[in-house]
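In the text below, chain A, chain B and the rest are named by the order of the sequence lines, each starting its count at 1.
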Amino acid sequence: MASNKLSRSFYQQEDVVKVARQLVGKVLCTQIDDDEMTSGIITETEAYCGRGDKACHASGGTRTDRTEIMYHAGGVAYVYLCYGIHHLFNVVTNVEDRADAVLIRAIEPLDGRELILERRKYQKINPALTAGPGRLTQALSITTDLDSTDLTGDTIWIEDRNVPNSVKELASAKRIGVEYAGEDAKRSWRFYPKNSKWVSKK
DNA sequence: CATTTGATGTTCT
DNA sequence: GAACATCAAATGC
């Protein structure tokens, strides 16, 4: 069966907010070492724009060792450590030097559910398992080791399986945890399916 | 229930 | 030394 893996041209679209919308309902997959493949339906995203968005790590065109990968052409992973504990996964978008990215905040488990439960030390499947940016990376075994990984490769990738969520009505809201960004904190650049349980916060 | 707090490490000033 | 795109456990109603 041919896989509908998202192509480089999908990630290189110029409107990062549009990409964030389109990613809801797509399927994020990881194949780590010799583990079984794990995946989940993306249920929550946030857009970060390199130009004119104070909430973005690369706002104002600042380049540091950490943010350098955000200036890469779209289609690579940006993974960083948050609060010393959590690995947060972003998709770099747009063409080279724009530094746009989409943060994946929540998924609904699909493939490899038993392995996901094991990684999270959970007994049952419920939203607390994978709804939250630090939770889903643990579930899919995404760490900063995977920073800069090419999303068209065989370690982390995103597929379009035309799952029902992809046609649900989307809700939007302010981004989480960016109060420091002043006026930019008010932008409604967070997206999730209306009525979905697999969302970190309403 | 809601709210607070402690854990934890890298980056940047 | 402060800040940080968070989470889970503990405490307060």
Side-chain angles (χ1 to χ4, degrees), chain A residues 11 16-21 23-24 28 40 42-72 74 76-94 98-109 116-149 151 156 158 171-192 196-202:
Chain A
Y11 297 112
V16 66
V17 176
K18 191 172 156 190
V19 176
R21 286 178 164 280
L23 281 174
V24 177
L28 176 61
I42 296 171
T43 52
E44 188 180 5
T45 64
E46 284 181 0
Y48 287 85
C49 183
R51 302 200 171 180
D53 175 14
K54 292 196 196 62
C56 181
H57 289 161
S59 75
T62 55
R63 285 175 182 260
T64 65
D65 286 347
R66 182 178 69 158
T67 59
E68 186 62 32
I69 192 61
M70 295 186 74
Y71 292 87
H72 193 281
V76 296
Y78 167 43
V79 185
Y80 76 97
L81 193 63
C82 184
Y83 296 109
I85 304 174
H86 305 290
H87 302 263
L88 268 56
F89 171 71
N90 298 252
V91 174
V92 175
T93 73
N94 211 326
R98 290 299 173 131
D100 289 352
V102 176
L103 170 66
I104 308 300
R105 289 192 58 89
I107 62 171
E108 178 179 344
I116 287 173
L117 286 169
E118 188 181 319
R119 285 169 175 163
R120 290 275 294 139
K121 300 188 182 0
Y122 264 57
Q123 306 299 316
K124 295 178 61 176
I125 290 176
N126 64 45
L129 181 64
T130 54
R135 290 167 171 169
L136 77 91
T137 54
Q138 193 183 357
L140 298 185
S141 206
I142 296 171
T143 69
T144 51
D145 288 348
L146 298 180
D147 187 41
S148 310
T149 301
L151 298 177
I156 314 180
I158 302 176
S172 63
K174 285 189 287 190
R175 292 174 292 181
I176 303 283
V178 296
E179 293 78 10
Y180 59 86
E183 287 296 307
D184 290 326
K186 297 175 183 170
R187 297 178 186 277
S188 284
W189 280 358
R190 184 163 65 98
F191 304 102
Y192 50 89
S196 174
K197 291 177 184 170
W198 300 87
V199 175
S200 63
K201 279 182 184 173
K202 296 288 181 187

Checklist entry - dC7(C) C1' sits how many Å from Leu88(A) CG, rounded? => result 11 Å

Checklist entry - Under 4.0 angstrom, heavy atoms only, what part of the nucleic acid is Leu81(A) near: base, sugar-phosphate, or nothing? => result sugar-phosphate

Next on the checklist: What is the separation between atom NZ on Lys54(A) and atom P on dA5(C), rounded to the nearest whole Å?
Outcome noted: 15 Å

Checklist entry - Base, sugar-phosphate, or nothing: which does Leu103(A) touch, judged by heavy atoms less than 4.0 Å apart? => result base

Item to check | Arg175(A) NZ/CZ over Tyr48(A) ring centroid, <6.0 Å and within 45° of normal | outcome: yes

Item to check | Atom-pair distance (NZ on Lys121(A); C1' on dC7(C)), nearest Å | outcome: 15 Å

Next on the checklist: When you measure from the side chain of Asp184(A) to the backbone of Ala55(A), do you find a donor-acceptor pair of N or O atoms at a distance under 3.5 Å?
Outcome noted: no

Next on the checklist: Show me, range against range, the stems involving DNA chain B, built from at least 3 consecutive Watson-Crick or G-U pairs below 3.5 Å.
Outcome noted: B:1-7 with C:6-12, B:9-12 with C:1-4

Checklist entry - For atom NZ of Lys124(A), is the number of surrounding heavy atoms from other residues, nucleotides or ligands below 6.0 Å larger than 12? => result no

Item to check | Phosphate OP1/OP2 of dA5(C) contacted by His57(A) side-chain N/O (<4.0 Å) | outcome: yes

Item to check | Closest contact, heavy atoms only, Thr130(A) versus Ile116(A) | outcome: CG2-CG2, 4.2 Å

Checklist outcome for this item: Of Val178(A) and Ala128(A), the one whose closest nucleotide on DNA chain C sits nearer the 5' end is Val178(A)

Checklist entry - Is the backbone of Leu23(A) close enough, under 3.5 Å, to the side chain of Thr45(A) for a donor and an acceptor to pair up by distance? => result no

Item to check | Atom pair distance, as rounded to whole Å: CZ in Arg175(A) and C1' in dA5(C) | outcome: 9 Å

Checklist entry - Does Thr64(A) put a side-chain nitrogen or oxygen below 4.0 Å from OP1 or OP2 of dC12(B)? => result yes

Next on the checklist: Please report the distance, rounded to the nearest Å, between CD in Glu68(A) and C1' in dT11(B).
Outcome noted: 15 Å

Next on the checklist: Using the rule given for side chain to side chain contact (heavy atoms under 4.5 Å, CB included), can you reason through Thr137(A) versus Ile104(A), listing the C-alpha separation, both sets of side-chain angles and the distance that settles it, and then say yes or no?
Outcome noted: CA-CA 9 Å; Thr137(A) 54; Ile104(A) 308 300; over 6 Å; no

Item to check | Side-chain N,O (Arg66(A)) to OP1/OP2 (dC4(C)) below 4.0 Å | outcome: no

Item to check | Verdict with reasoning, Ile156(A) to Phe89(A), per side chain to side chain contact (heavy atoms under 4.5 Å, CB included) | outcome: CA-CA 11 Å; Ile156(A) 314 180; Phe89(A) 171 71; 4.1 Å; yes

Item to check | Distance in angstrom units between Glu44(A) CD and dT6(C) P, rounded | outcome: 10 Å

Checklist entry - Tyr180(A) side chain N/O closer than 4.0 Å to the phosphate oxygens (OP1, OP2) of dA5(C)? => result yes

Checklist entry - In whole angstrom, what separates Tyr83(A)'s OH from dA8(C)'s C1'? => result 15 Å

Checklist entry - Closer than 4.0 Å, any side-chain N/O of Arg120(A) to the OP1 or OP2 of dC7(C)? => result no

Checklist entry - Under the 5.5 Å and 30° test, is Tyr48(A) stacked on the base of dA5(C)? => result yes

Checklist entry - Atom NE2 of His86(A) to atom C1' of dG6(B): distance rounded to whole Å? => result 11 Å

Item to check | Minimum-distance nucleotide (side-chain atoms of Ile85(A) versus dT6(C), dA8(C), dT8(B)) | outcome: dT8(B)

Checklist outcome for this item: Only residue of Arg21(A), Lys201(A), Arg105(A), Arg187(A) satisfying salt bridge (charged side-chain N to carboxylate O under 4.0 Å, His left out) with Glu46(A) is Arg105(A)

